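Every chain is numbered from 1 and lettered A, B, ... according to where its sequence line falls, protein lines coming before strand lines. All values derive from a computational prediction rather than experimental measurement.
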There are 2 protein chains.
Amino acid sequence: MALGKDYATQECSIARALEVVGERWTLLVVRDALYGVRRYNDFLVHLGIPRAVLAARLQTLTAEGILEKRRYQQSPPRDEYVVTERGIALWPTLRALGSWGREQFDGARLRYFRHAECGTELGPYGECALCGTIVPVTDVVMEPGPGLDPDPADPVSRALLKPKRLLEPLETDQA
Amino acid sequence: MALGKDYATQECSIARALEVVGERWTLLVVRDALYGVRRYNDFLVHLGIPRAVLAARLQTLTAEGILEKRRYQQSPPRDEYVVTERGIALWPTLRALGSWGREQFDGARLRYFRHAECGTELGPYGECALCGTIVPVTDVVMEPGPGLDPDPADPVSRALLKPKRLLEPLETDQA
DNA sequence: CCTTTCGGTTCAGTCACTGAACCAACCATG
DNA sequence: CATGGTTGGTTCAGTGACTGAACCGAAAGG
C-alpha cells in the first residue's frame, strides 16, 4: 500500500493482500481487466482515473504478476495488459465485494453474472446453485441489468453492454 | 473513499463498496472487529494505526452501519464498537481476500478457520466441505497456525492466540 | 492531591492522488 | 513533407489524506 508499509507488521494474509491491491483504483483496474478491458486508453476512459495513477497502477500490477504486458502489434508498437492467473484468482474477492455493496447499499441490479453452461445466475460467491459448483471465470457470462444506464457516454461502457464472457477481450467500436 | 468521490460515477457495486471500505486501514478494522476486538485501545495496539485515523475510521464505520457504538459501562463511561450484521456480511470478502493473499504470496499458515460443529477447515469461500454449506460466522472457530509468532508483544495478539469463535469478544489479560 | 487509564483532538510534516499540460513515436492524409 | 490524429505515456503544481507525536479531559485509584 506504499503508505508507510505498516501492514507488513500485521502477520495476516488479508493485510498482505491489501498491500498489493489495497491502493485506490487498484481493484477497479483488476475488475476492468476481468471484464475484458486490456488497453491503456480503455482503462482511462472507463475509470476516469488520472493518467499518472493509471500508469503507476498498471506498472505495479504488472510487477506483482496480476497483469501481463503484452505486445499485440509491432507497428506502431502497442502493448495490452492481460490479466494473469493470479489476477483471475481475485474474482471471488471482487464478486463478494460487489455482492456486499449491492445488498447493503444499492439494491439496483446493475449486471447479471450467469453460468454460461446453464444460464443460472451466480450466487454471491460465484457458485452456480443448479450445478452446485464454483463456476470458473471463463464460464461466466456478464450481461447488463435494469439498473445500468442504457446509453453511456464512453465507448468502453457501451461495449460492456453487450453480453460477453469474462476475460474475453473487449471490442470497442470507436464510433 | 473521500478522495475526489470519483467512484460515484462508476455504476458498479464494487465501486460502491470501495467507497465505504476502500480507504486505508478500514478493512483491517473490520477484520479485527470480526475477530472480537471491540475497544479503541485494542484496535490501536493491534493495528499500530495512528490514533487520528482510527478515530476517523471508527466514526465512518459507525455512520455506515458497519459498527455500532455501545456503552458497556457507566462509570467511567466507556464505549465499545461492535460489528453489525452489515459488517458481518463482509466476512466472505475478507475470507476471499485472505485466501488470495496466502495462496499467491505468503504460503505460511497463519490461522485456521474451522466449522465449529465438525472441526473441518473452511474452504476459500468460507464453506465447510464436509457439511456442504456456507458456515455462518458465529459457527466459525479461529485458531493459530504454525506461521504465527507464538509470543507477540502486544496483549491483543496474545489474546488472539487462544482458539475462539469469531465475534466472541476478546479478553485481554492486561498483564 | 497526584497519577494512571481511556478515548480521544490538534498539528506540523510527508506522501499520495488529482488534473492539466506536455511529449514522443508512429501512421494517415493532402 | 507538413499537418494532424492516435496511443501511451511523463511532468508538475496543488490538494488532500495519512503519520507520529504531543496534548487534553473525564474519571477512577491511591
| task | Could you check B:Leu94, B:Val83, B:Val37 and say which one makes a side-chain contact (heavy atoms from CB on, under 4.5 Å) with B:Arg31? | result | B:Leu94
| query | How close or far is atom C1' of D:dG8 from atom CZ of A:Arg57, stated in whole angstroms? | reply | 17 Å
| task | Would you sort out whether B:Tyr81 and B:Arg39 count as a side-chain hydrogen bond (donor to acceptor under 3.5 Å, both in side chains), showing the intermediate values? | result | CA-CA 6 Å; B:Tyr81 295 88; B:Arg39 293 165 61 165; over 6 Å; no
| Under a single-linkage rule joining Ile, Leu, Val, Met, Phe, Trp and Tyr whose side-chain heavy atoms are separated by less than 4.5 Å, which residues share a cluster with A:Leu110? | A:Leu148, A:Leu161
| field | Length of the CG-C1' vector between A:Leu44 and D:dT6, whole Å | value | 13 Å
| task | Tell me what B:Ala52 touches on the nucleic acid: a base, only sugar-phosphate, or nothing, going by heavy atoms under 4.0 Å. | result | base
| query | Taking OP1 and OP2 of C:dT9, is either one under 4.0 Å from a side-chain nitrogen or oxygen of B:Tyr40? | reply | no
| message | What is the separation between atom CD on B:Gln74 and atom P on C:dC6, rounded to the nearest whole Å? | response | 18 Å
Each nucleotide N or O in nucleotides 26-30 of chain D that has a protein N or O under 3.5 Å away: list the pair and distance.
from   : atom 1 : to      : atom 2 : distance (Å)
D:dA28 : OP1    : B:Ser75 : O      : 3.1
D:dA28 : OP1    : B:Ser75 : OG     : 2.5
D:dA28 : OP1    : B:Pro76 : N      : 3.1
D:dA28 : OP2    : B:Ser75 : OG     : 2.5

| task | Could you check whether A:Phe43 gets within reach of a base, just the sugar-phosphate, or nothing at all, counting any heavy atom under 4.0 Å? | result | nothing
| query | Is the phosphate of C:dT18, meaning OP1 or OP2, less than 4.0 Å from a side-chain N or O of A:Trp25? | reply | yes
| said: Looking at A:Asp139 and A:Arg165, is there a salt bridge between them, counting it only when a charged N and a carboxylate O are closer than 4.0 Å? | reply: yes
| Can you check whether A:Trp25 and A:Phe43 have ring centres sitting under 6.0 Å from each other? | no
| Does the side chain of A:Gln104 pick up a donor-acceptor pair with the side chain of B:Arg86 at under 3.5 Å? | yes
| query | Would A:Glu168 and A:Arg38 pass as an ion pair if we require N to O under 4.0 Å? | reply | no
| field | B:Leu54 CG - C:dG8 P separation (whole Å) | value | 8 Å
| said: Can you pull out the residues from residues 59-70 of chain B that lie within a 4.0 Å heavy-atom distance of DNA chain D? | reply: none
| said: When you measure from the side-chain N and O atoms of A:Arg24 to the phosphate of C:dT18, is any distance below 4.0 Å, counting only OP1 and OP2? | reply: yes
| query | Would a 4.5 Å heavy-atom cut-off, applied to side chains only, mark A:Glu127 and A:Leu122 as touching? | reply | no
| What is the distance from CD of A:Glu80 to P of D:dG9, rounded to the nearest Å? | 13 Å
| Whole-Å distance between C:dC6 P and B:Arg71 CZ? | 16 Å
| Has the side chain of B:Arg51 got a donor or acceptor atom sitting under 3.5 Å from an opposite partner on the base of D:dG20? | no
| said: Using OP1 and OP2 only, check whether a side-chain N or O of A:Tyr72 sits under 4.0 Å from D:dT7. | reply: no
| Nucleotide D:dA21, atom C1' - distance to CD1 of B:Ile49 in whole Å | 16 Å
| task | Calculate the interatomic distance between B:Arg38 atom CZ and C:dC6 atom P; express it in whole Å. | result | 17 Å
| CD (A:Gln59) with more than 12 external heavy atoms under 6.0 Å | no
| query | Do the charged groups of B:Arg114 and B:Glu143 touch, with an N to O distance under 4.0 Å? | reply | yes
